[in-house]
Peer 1: 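Quick one: structure below, then a few questions.
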Protein chains: 2
Amino acid sequence: MEDVLFDFLSKYVSLTEEEKNAILSLDIFHSVKKGTILLKEGQKSKDSYFVLKGCIRTYYILEGEEKTTAFYTEMEAVTPHCVISKTPSEYYISCMEDTILTISDSDMEVEMNGKFPKFETLCRMFSEELLVKQQIDFDKFKTSSPEQRYLDLIQKRPDLIQRVPQRQLASFLGIAPQSLSRLRARILEKGKA
Amino acid sequence: MEDVLFDFLSKYVSLTEEEKNAILSLDIFHSVKKGTILLKEGQKSKDSYFVLKGCIRTYYILEGEEKTTAFYTEMEAVTPHCVISKTPSEYYISCMEDTILTISDSDMEVEMNGKFPKFETLCRMFSEELLVKQQIDFDKFKTSSPEQRYLDLIQKRPDLIQRVPQRQLASFLGIAPQSLSRLRARILEKGKA
DNA sequence: CACATTTCTTAACTTAAGTGAAGGGCCCGA
DNA sequence: TCGGGCCCTTCACTTAAGTTAAGAAATGTG
């Protein structure tokens with residue numbers, strides 16, 4: 001599992017053995033069971049997550065309804081809002097499957113950034129990359145219909161459609177679960193004709 | 001204008017005179033006329049922008065239609081997708097008003113990051129902050145109706161509604177211009193009743 | 001100033017999403 | 001194994017957004 005992480009990190013910077021050992025000594029690898037809630041609304045947390053295997057999701061509870069806004073799967077990272085803003089979390093994070101991930105808190109990161117400038121470079125590059133990726137996703141979302149968003153999802157993240165309940169996909173696509181059902185039926189109908 | 005920038009940066013790190021001078025020596029301050037196009041589709045660019053005064057927007061041209069996806073006003077920054085991905089730009093950036101901004105290219109940033117670790121810390125903190133802010137915006141967008149998004153915009157960025165053409169606001173809100181007109185009429189009607 | 005262009009609004013119609021309700025399938029626990 | 005609950009689907013109905021079109025208002029240009 002360590003190798004999976006280091007392979008990933010090597011896309012950004014090349015780490016020495018010393019640096020790798022420093023990361024390993026933080027004891028950040030964790031295995032969590034399906035259903036585990038990593039973060040709750042109202043909670044203050046300093047933890048960031050990086051998924052090595054499995055899937056986690058972020059969701060709000062609005063008017064008693066779960067609204068899923070993001071899924072993170074293999075090689076994806078989340079730093080919750082509350083970690084940066086230092087305010088209580090507005091959303092939940094839970095495990096969709098048995099998941100292996102790293103958990104690193106912001107104190108660790110500050111310390112590592114101080115000790116190893118390369119680590120800060122890594123964090124900067126990574127968050128810059130996430131920022132532009134997310135911007136592209138947001139732009140795409142704004143300029144597409146729900147149907148187009150669903151078709152795009154089939155192309156870009158086909159695995160999600162298999163591993164995630166329909167109702168959660170629906171709110172991820174910004175629509176009601178019934179609308180997703182109908183939209184899927186509509187697409188099938190078109191395919192036949 | 002320099003002071004406006006340094007005041008802003010002081011929210012993240014405190015800079016020495018030497019560091020400030022290093023920034024000033026880069027000659028990054030520019031004044032651009034309304035209508036200037038800073039980046040075109042298909043162009044490769046290394047430039048990032050930080051708006052000191054004025055307003056710029058990013059937009060796509062899809063099926064011959066302009067689709068505005070973001071506005072950047074005072075104290076906001078953009079690093080276009082193409083700078084990070086090193087591919088031709090998929091969108092345009094233009095000036096909505098006479099604008100004063102900083103333009104810094106990625107070579108400059110690499111050099112500054114090498115010379116002043118504090119500068120890299122600044123960039124990391126800033127992009128981490130933007131990332132979570134944008135995540136919150138995206139979540140809000142997904143979980144709101146167009147009407148609610150417009151009402152939120154009145155609260156959060158009332159200036160935009162004044163300084164930006166309606167049709168551009170519409171695509172920023174993810175709807176057709178006619179729908180925004182209708183929606184506004186609907187809200188007014190409710191307000192009366 | 002006058003003309004051309006673009007933008008905003010309104011309206012009528014079409015299409016799709018929201019909503020409430022009901023039924024079937026599936027899993028889980030009693 | 002039976003029953004309860006949850007999820008997905010379907011349907012009918014409501015509401016709102018997309019679309020096409022037309023006219024009024026505003027903007028920019030020569």
Peer 1: I'd like to know if the side chain of A:T69 pairs up with that of A:T58 as donor and acceptor (distance under 3.5 Å, no hydrogens or angles considered).
Peer 2: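 Yes.
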
Peer 1: Pick the closest DNA chain D nucleotide for B:R182 and for B:K34 by heavy atoms, then say which residue is nearer the 5' end.
Peer 2: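 Closest to the 5' end, via its nearest nucleotide, is B:R182.
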
Peer 1: Could you check whether any side-chain N or O of B:Q168 sits under 3.5 Å from a backbone N or O of B:P165, counting only pairs where one atom can act as donor and the other as acceptor?
Peer 2: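 Side chain of B:Q168 to backbone of B:P165, a donor-acceptor pair under 3.5 Å: no, none is there.
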
Peer 1: Would you indicate, yes or no, if C:dT9 has its OP1 or OP2 atom less than 4.0 angstrom from a side-chain nitrogen or oxygen of B:R167?
Peer 2: no

Peer 1: In whole angstrom, what separates A:K142's NZ from D:dG18's P?
Peer 2: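 Those two atoms, NZ and P, are 14 Å apart.
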
Peer 1: Just to confirm, is there a sub-4.0 Å distance from OP1 or OP2 of D:dA17 to any side-chain nitrogen or oxygen of B:S179?
Peer 2: no

Peer 1: C:dT6 C1' sits how many Å from B:Q168 CD, rounded?
Peer 2: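 About 12 Å, once rounded to whole Å.
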
Peer 1: Supply the atom-to-atom distance A:L169 CG to A:F71 CZ, rounded to the nearest 0.5 angstrom.
Peer 2: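 A:L169 CG to A:F71 CZ: 5.5 Å, rounded to 0.5 Å.
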
Peer 1: Roughly, in whole Å, what's the span from CG in A:L180 to P in D:dT10?
Peer 2: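 Distance check: A:L180 CG to D:dT10 P gives 12 Å.
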
Peer 1: Does a sphere of radius 6.0 Å around NZ in A:K46 hold more than 12 heavy atoms from other residues, nucleotides or ligands, not counting ones at 6.0 Å or beyond?
Peer 2: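 Count not over threshold, so no.
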
Peer 1: Starting from C1' on D:dC11, measure out to CG on A:L183 and report it in whole angstrom.
Peer 2: 17 Å

Peer 1: For B:P146, report the nucleic acid contact type (base, sugar-phosphate, nothing); a contact means any heavy atom under 4.0 Å.
Peer 2: sugar-phosphate

Peer 1: Here's a test of your reading of the structure: between A:R186 and B:Q166, which maps to the more 5' nucleotide of DNA chain C?
Peer 2: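 Nearer the 5' end of the strand: B:Q166.
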
